[in-house]
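Note that the coordinates shown come from a computational prediction; the quantities given were computed from them, not determined experimentally. By convention here, the first residue in the shown sequence is residue 1. When reading the values below, keep in mind they use all heavy atoms of this one structure, side chains included, and skip hydrogens, waters and symmetry mates.
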Amino acid sequence: MSETINYVFTFYLVLTIFMAAISAVVIFKLFVITKKVDNCIVKRTLRVVLSSLLVCLWLWVFCYKHLYPISLAKYEYDHDICETKEGIVCEIKRTGKSQIKITIDDVVYTVLGFSEDQNSVFIEKKLKKGDFVSFQYGKNSHYVFLISKQTQNHETEKG
């Protein structure tokens, strides 16, 4: 699990830095293009508004929606800030190449796993709606670090 979290975190960190560089180039081009505008107020307004919108969009999409959740999960995993719970699986849904959303007792959790990852294969092939599971997850991130199927007499099948 540590390798998967580190890989996904590194990917989103590099993507965020790359998009910051692209945004900086676009803002620089914006300043070059608006240099031709004669009216100083219009020039400054265009520069401030468009640059602010681009920076806010970058912050929202790449920093808050992508990088923050995985960095929080990485921090919780590295510092063992997790809880253990038991519950019944309500829904399992793959949302991307590296993420599976699993709803347990009406709470949505995220599991990192690639198609060849053992945890991912376990979740998609062995777990079904209505299964009773025990799982360990990040306290604030709701990323599942370890999940196992439970039977009525508490035998476990590790995933």
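- In this structure, Val42 belongs to a hydrophobic cluster whose other members, linked by side-chain heavy atoms under 4.5 Å apart, are Leu30, Val37, Leu46, Leu50.
- Counting heavy atoms from C-beta outward, Lys129 and Thr103 have side chains that stay 4.5 Å or more apart.
- At least one donor-acceptor pair closer than 3.5 Å links the side chain of Asp131 to the backbone N or O of Lys128.
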*Please walk me through it: do Leu15 and Tyr12 pass side chain to side chain contact (heavy atoms under 4.5 Å, CB included)?*
CA-CA 5 Å; Leu15 180 67; Tyr12 280 122; 4.1 Å; yes

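- Ring pair Tyr64/Tyr68 is parallel by interplanar angle, where below 30° counts as parallel and above 60° as perpendicular.
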Check step by step if side chain to side chain contact (heavy atoms under 4.5 Å, CB included) holds for Asn140 and Glu76. CA-CA 8 Å; Asn140 297 313; Glu76 288 177 340; 3.2 Å; yes

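- Put simply, CG on Leu59 and OG1 on Thr16 are 10.0 Å apart, with the number rounded to the nearest 0.5 Å.
- Crowding of Ile41 atom CD1: a count of heavy atoms from other residues, nucleotides or ligands under 6.0 Å not exceeding 12.
- For residues 20-54, there are no ring pair (Phe, Tyr, Trp, His ring centres under 6.0 Å) pairs, not counting sequence neighbours.
- With contacts defined as side-chain heavy-atom distances shorter than 4.5 Å, the pair Val144/Gln136 does not qualify.
- Separating the CD atom in Glu86 from the OG atom in Ser148 is a distance of 8.5 Å, to the nearest 0.5 Å.
- In this structure, CG in Leu57 is found 11.0 Å from SG in Cys63, a value given to the nearest 0.5 Å.
- Scored by the side-chain hydrogen bond (donor to acceptor under 3.5 Å, both in side chains) test, Thr110 finds Lys101 as partners (sequence neighbours excluded).
- Closest approach of Ser51 and Ile27 over heavy atoms only: OG-CG2, 3.6 Å.
- In this structure, Ile88 CD1 and Asp106 CG are separated by 10.5 Å, a value rounded to the nearest 0.5 Å.
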Show the numbers, then the answer: is there a side chain to side chain contact (heavy atoms under 4.5 Å, CB included) between Val89 and Phe132? CA-CA 6 Å; Val89 175; Phe132 188 70; over 6 Å; no

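- Here ring pair (Phe, Tyr, Trp, His ring centres under 6.0 Å) pairs that include residues 79-110, with residues two or more places apart or in two chains, are Tyr75-His79, Tyr109-Phe135, Tyr109-Tyr137, Tyr109-His142.
- Rounding to the nearest 0.5 angstrom, the gap separating the NZ atom in Lys43 from the NZ atom in Lys36 is 12.0 Å.
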Go through Ile22 and Phe18 one step at a time and tell me if the side chain to side chain contact (heavy atoms under 4.5 Å, CB included) criterion holds. CA-CA 6 Å; Ile22 298 254; Phe18 177 72; 3.7 Å; yes

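- Scanning all heavy atoms of the two residues, the minimum distance from Pro69 to Ser141 falls at O-CB, 4.4 Å.
- Residues Ala73 and Phe145 come closest through the heavy atom pair O-CZ, 3.7 Å.
- No chain of hydrophobic side-chain contacts below 4.5 Å, direct or via other Ile, Leu, Val, Met, Phe, Trp or Tyr residues, connects Ile33 to Val26.
- With sequence neighbours excluded, no residue forms a ring pair (Phe, Tyr, Trp, His ring centres under 6.0 Å) with Tyr143.
- Put simply, Ile70 and Ile81 are part of two different groups of oily side chains (I, L, V, M, F, W, Y) that touch within less than 4.5 Å, one to the next.
- Between Ser23 and Leu54 the shortest heavy-atom distance is O-CD2, 3.6 Å.
- Cluster partners of Val108: none. The rule joins Ile, Leu, Val, Met, Phe, Trp and Tyr whenever side-chain heavy atoms lie under 4.5 Å apart, and it links nothing here.
- For the pair Leu127/Ile147, a side-chain contact is recorded, criterion being any heavy-atom separation below 4.5 Å from C-beta on.
- Summarising the geometry, atom CG belonging to Leu146 is positioned 8.5 Å from atom OH belonging to Tyr77; distances are rounded to the nearest 0.5 Å.
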